[in-house]
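The basis for the numbers below is simple: all heavy atoms, side chains too, and nothing from hydrogens, waters or symmetry mates.
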2 protein chains.
Amino acid sequence: MSNHSFQWLQAELTRIITAQPAGSRLPSEPALAKQLKVSRATLREAMRSFETQGLIRRKQGLGTFVIGAVPLIDSGLEILESIEILAGRIGLKVTFGSLTIQQEKADEALAKIMNLPSGSEVMRVSRVIQTDERPVAYLVDILPREVLSEQELQSGFTGSVLDLLLRKGTAPLASSRTEIKATGASPELAHLLEVQRGDVLLQFVANLITNQGKVIDHSLSYFLPGYFSFHVNRRVG
Amino acid sequence: MSNHSFQWLQAELTRIITAQPAGSRLPSEPALAKQLKVSRATLREAMRSFETQGLIRRKQGLGTFVIGAVPLIDSGLEILESIEILAGRIGLKVTFGSLTIQQEKADEALAKIMNLPSGSEVMRVSRVIQTDERPVAYLVDILPREVLSEQELQSGFTGSVLDLLLRKGTAPLASSRTEIKATGASPELAHLLEVQRGDVLLQFVANLITNQGKVIDHSLSYFLPGYFSFHVNRRVG
DNA sequence: CAGTGGTCTAGACCACACG
DNA sequence: GTGTGGTCTAGACCACTGA
């Protein structure tokens, strides 16, 4: 026994994980490493992909837990809707936390994107989107101070800048030019989303545009794979 | 000096990398690790993100090299076009390699997607897309044997199943339902794309549909971040 | 406090490219 | 053979949780 290849290790872990009922705790990392005759480092490396797929969840100080089926937040990319609305459509409640609102000066790149005078004051709104179970996304919006004041953010903010702008209704929104990337979690992001540093995230970089063609919101969104499903219908060119 | 945090390490590496001209070789990993007073494991972990961003390239047996600006293969997701065509648009030549064509029986999930009798014969076409410099994508297409025979694949195949189907012209293609994911490279994928195991990849899972609504191609595509830029225009819902 | 996952270290060996 | 990156090991310490 013990074909000591990485693939064998992952297959063995799959067997172990799927044999457990949802919610149960796996043996500790040192115990599993000993049982599978690999070092703890190798074990942890092999488990990364299972966490990415949403099959397990690690909690520092507590242990590693098997996750059951997770409600997938599904969205077509043709339409821009807030995560709150997408989640509500499948009967899932989401909350937001770790909210920070800062005023800062736009750097050159941002000023160019938004067609602002260099050094303009902008608002940066950051927050984590959470389900009952865990944080699943991290969102950052950057807007000119004129578009959204600190007061407005402190009174009616539900976690979605888009919904807030739509409710406010002053700027007629047309579309969002969204760039799609894959990225690894930075140390800060990893901490906020409760994943490991370097774990795989899906990232959107978007500019929200009014029907006059003005960019009034630049946003960064980071999504945990395994909790979201984004799709698009592509015409054959 | 030597604030030994991971962030400090990455900042220091950024300084070192950007100070080098494109194409030059960095000091070896043991040398860099000693110089920065960290273990080789930590050094390598910190360098992962630089490779993901396309700033460096590691070559086993040779060294780690600084990469200059890379031609970005840019595409809107509304239209489905082959990578060859996208690359040609920016004046970039791509080739394909590691081609494998196998006949196999469709498993249950695939049979359901393509509405085939369970156990039908399908063709699986896999290949790596390469620029001058390096492999940048891995593509897998799965089609019913009736749609594309082995002969057709061996004669006129240029790397794009889409272009082949369009040239053949028998099936009027309508659209592709594409799911967008972020994933970590499996050991096989890492080897084929010459990246590290677990490195971040952008993944498309797509079903190509005729105007009769029949799925005639199921495909998996894996892209190296830093070489592609995908975007979409989203209407406000 | 003890036990968990998160990080880091020093060292070893393997796979690969070049001379 | 020599030197490179790729992998794995054994062990240590930190950060966090709950008793």
Side-chain angles (χ1 to χ4, degrees), chain A residues 2-10 12-13 17 24-51 56-67 134 184-199, chain B residues 2-10 12-13 17 24-52 56-67 134-135 184-199:
Chain A
S2 291
N3 171 359
H4 285 114
S5 78
F6 193 81
Q7 314 227 23
W8 169 85
L9 177 57
Q10 290 199 314
E12 201 65 6
L13 283 170
I17 291 170
S24 63
R25 209 192 74 183
L26 293 177
S28 72
E29 293 184 348
L32 258 184
K34 188 177 179 186
Q35 177 185 332
L36 296 171
K37 294 188 171 54
V38 294
S39 70
R40 213 186 130 203
T42 302
L43 176 78
R44 282 177 62 75
E45 182 64 20
M47 296 201 104
R48 276 181 88 140
S49 65
F50 295 104
E51 179 150 42
I56 60 169
R57 161 111 192 254
R58 290 152 145 156
K59 296 189 192 181
Q60 190 172 16
L62 290 174
T64 302
F65 299 84
V66 177
I67 308 262
R134 65 165 302 158
S186 67
E188 309 93 311
L189 261 177
H191 189 254
L192 285 163
L193 293 176
E194 295 172 17
V195 296
Q196 279 187 264
R197 188 176 69 202
D199 269 7
Chain B
S2 288
N3 170 0
H4 286 114
S5 78
F6 193 81
Q7 314 228 23
W8 170 85
L9 177 58
Q10 289 199 315
E12 201 65 7
L13 283 170
I17 292 170
S24 63
R25 209 190 77 184
L26 292 177
S28 74
E29 292 183 349
L32 259 184
K34 189 177 178 187
Q35 178 186 331
L36 296 171
K37 293 189 171 53
V38 295
S39 69
R40 212 184 132 206
T42 302
L43 176 77
R44 282 177 61 74
E45 182 65 20
M47 295 201 106
R48 275 180 90 140
S49 65
F50 295 104
E51 179 150 41
T52 297
I56 60 169
R57 163 109 193 258
R58 289 152 146 157
K59 296 191 194 182
Q60 191 172 15
L62 289 175
T64 303
F65 299 85
V66 178
I67 308 261
R134 66 164 303 156
S186 67
E188 308 94 312
L189 261 178
H191 189 256
L192 285 163
L193 293 176
E194 295 173 17
V195 296
Q196 279 187 264
R197 189 174 68 203
D199 270 6

With a 4.0 Å limit, can you tell me whether [X] has a side-chain N or O closer than that to the phosphate oxygens OP1/OP2 of [N]?
X	N	answer
B:Ser39	C:dG11	no
B:Thr42	C:dT9	yes
A:Arg58	C:dG6	yes
B:Arg40	C:dA10	no

Task: Proximity to the side chain of B:Leu62 - top-ranked nucleotide from D:dT9, C:dT9, C:dC18 - done: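 So the side chain of B:Leu62 is nearest to C:dC18.
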Task: Closest nucleotide among C:dC8, D:dG6, D:dT4 to the B:Phe6 side chain - done: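 Of all the options, the side chain of B:Phe6 is nearest to C:dC8.
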Open item on the list: Under a plain distance cut-off of 3.5 Å, with no hydrogens placed, do A:Ser5 and A:Gln7 share a side-chain donor-acceptor pair?
Closed with: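 Short answer, no.
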Tell me the interatomic distance from [X], atom [atom1], to [N], atom [atom2], rounded to whole angstroms.
X	N	atom1	atom2	value
B:Glu29	C:dG11	CD	P	17 Å
B:Phe50	D:dG5	CZ	P	16 Å
B:Arg44	D:dC8	CZ	C1'	12 Å
A:Leu26	C:dT4	CG	P	12 Å
B:Phe65	D:dG3	CZ	C1'	12 Å
B:Met47	D:dT4	CE	P	14 Å
A:Arg57	C:dT4	CZ	C1'	14 Å
B:Glu194	C:dA15	CD	P	18 Å

Open item on the list: Measuring only between side-chain heavy atoms, which start at C-beta, is A:Val195 closer than 4.5 Å to A:Arg134?
Closed with: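 Yes, close enough: below the 4.5 Å cut-off.
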Task: CD-OG distance between B:Gln35 and B:Ser28, expressed to the nearest 0.5 angstrom - done: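 If we round to the nearest 0.5 Å, B:Gln35:CD and B:Ser28:OG are 10.0 Å apart.
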Open item on the list: For A:Leu43 versus A:Leu36, what's the shortest heavy-atom pair and its separation?
Closed with: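 Minimum heavy-atom separation between A:Leu43 and A:Leu36: CD1-CD1, 4.0 Å.
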Task: salt bridge (charged side-chain N to carboxylate O under 4.0 Å, His left out) against B:Arg58, all qualifying residues, sequence neighbours excluded - done: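 By the salt bridge (charged side-chain N to carboxylate O under 4.0 Å, His left out) rule, B:Arg58 matches B:Glu29, B:Glu51.
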TODO: Identify whether any heavy atom of A:Arg197 sits under 4.0 Å from a base atom; if not, whether one sits that close to sugar-phosphate; answer base, sugar-phosphate or nothing.
DONE: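 Here A:Arg197 touches the backbone only, sparing every base.
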